[in-house]
Protein chains: 2
Amino acid sequence: MTTTTMAAPKGLPLTVLSACCQPASAPSAPRADESAQTLAALFKALADPARVTIMAMLLNAEEVCACDISEGIGKSAATASHHLKILKDSGLVASEKRGTWVYYRAVPERVAAIADALASPQRTPRPKSRKERSES
Amino acid sequence: MTTTTMAAPKGLPLTVLSACCQPASAPSAPRADESAQTLAALFKALADPARVTIMAMLLNAEEVCACDISEGIGKSAATASHHLKILKDSGLVASEKRGTWVYYRAVPERVAAIADALASPQRTPRPKSRKERSES
DNA sequence: GCGGGGTTTCGACGTTCATCGAAGCATAAC
DNA sequence: GTTATGCTTCGATGAACGTCGAAACCCCGC
């Protein structure tokens, strides 16, 4: 169930894909911008090979110990912790501390949310370009 | 020509989601890393609100004039061109010059490729963590 | 040819990012 | 309490990024 897609038909950043370039009820309220920023933040969280590798590990295995992640990406423990914090802050992974070890798990709903935002072009009739506007 | 995705059923970076943490036939050849880098590069191309907005415009309308994109993201023409170049280099958009104007179009296959990479967890039995290895 | 407008490239600036070593925290075993 | 181990935070450094103005490029109409 992909988070989303339940109360609101497509209630997440996806809206940016259709809410762009609209009347904008409130004059100075950048609404679509907000969604774009939210979505861009999610992409930024994945915009590093180390973090992609981490997500791959977490999506393949149900749970991964932090110690394995460090050697899985071939970087120092400090760097691994840094990347994990970024993924955690973006909600893409969750962590649980059991004794000395910390286990990380992917949050599939969040991952699916990104995939959903990328799907379904849903073309609109056609905005009419500036060129056309100036030609008429 | 979209480069990619056509002959192979899922012939793209998705492999990173299953190719990670494997025997690695060649000792010092980071193979999964390559896929991770490819995928991360795609995410990085989308890791900016301006570029997300551009993709939204291009996915909604079939074709958008460059001049509209500049004002669509509220940045200078130079900045818009910079972002468009990044998207073009990553294969997410294509451009066509007709007379004085340049029209940009999204490359749906490439966008879908990212969505595909995010889908299908395909769990493997379980890698066995370092903790377990050290405990046995 | 010349002038003008759309687009891209160049150069520069300030900001953000990835990375590591070292130090700090927390938990478990003794 | 002390020691050892796993993880995170801190501080610093070099690289990459986003942004813009100015210059260059390209195509059209005259």
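Here is the naming used below: chain letters follow the sequence lines, and residue numbers restart at 1 for every chain. The structure presented is a predicted model; accordingly, all values stated were derived computationally and were not measured.
A/Lys97 meets the side-chain hydrogen bond (donor to acceptor under 3.5 Å, both in side chains) test with no other residue; sequence neighbours excluded. Shown here are the salt bridge (charged side-chain N to carboxylate O under 4.0 Å, His left out) partners of B/Lys85, two or more places apart in sequence or in another chain: B/Asp89. Take B/His82 and apply the side-chain hydrogen bond (donor to acceptor under 3.5 Å, both in side chains) test, not counting sequence neighbours, and it matches no residue. Not counting sequence neighbours, A/Thr100 has no partner by the side chain to side chain contact (heavy atoms under 4.5 Å, CB included) test.
In the set D/dT5, D/dC20, C/dC20, the nucleotide with an atom closest to the side chain of A/Ala78 is C/dC20. When distances run from any side-chain atom of B/Thr79 to the nucleotides D/dT19, D/dC7, C/dC20, the shortest one goes to D/dT19. Side-chain proximity of B/Thr100 to the nucleotides C/dC20, C/dG6, D/dG6 is greatest for C/dG6. Closest to the side chain of B/Lys97, from the set C/dC20, D/dT19, D/dC27, is D/dC27. Taking the side chain of B/Cys67 as heavy atoms from C-beta on, and the options D/dG18, C/dT7, D/dT8, the nearest nucleotide is C/dT7. Nearest to the side chain of B/Cys65, among C/dT7, D/dG6, C/dC20, sits C/dT7. Nearest nucleotide to the A/Lys44 side chain, out of C/dC17, C/dA28, D/dT9: C/dC17.
A/Arg51 comes within 4.0 angstrom of sugar-phosphate atoms only, judged by non-hydrogen atoms across all strands, and of no base. Counting any heavy atom pair closer than 4.0 Å across all strands shown, B/Ala77 reaches a base atom.
In this model, a donor atom of one side chain and an acceptor atom of the other lie less than 3.5 Å apart for A/Thr79 and A/Ser76.
With B/Asn60 contributing its side chain and B/Ala56 its backbone, the two residues share a donor-acceptor pair below 3.5 Å. The main-chain N or O of A/Cys67 is never found under 3.5 Å from a side-chain atom of A/Ser70 such that the two would form a donor-acceptor pair.
Contacts between residues 82-94 of chain A and DNA chain D, defined by a heavy-atom separation below 4.0 Å, involve A/Lys85, listed by number.
With hydrophobic clusters built from ILVMFWY side chains whose heavy atoms lie under 4.5 angstrom apart, B/Leu118 does not share a cluster with A/Ile86.
Counting to the nearest Å, the C1' atom of D/dT5 and the CG atom of A/Asp68 are 15 Å from each other.
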Fill in the blank from the handout: Base-pair string, DNA chain D, Watson-Crick plus G-U, cut-off 3.5 Å on both distances, | for inter-strand, is ||||||||||||||||||||||||||||||

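Between the CG atom of B/Leu84 and the CD1 atom of B/Ile54 there is a distance of 4.5 Å, given to the nearest 0.5 Å.
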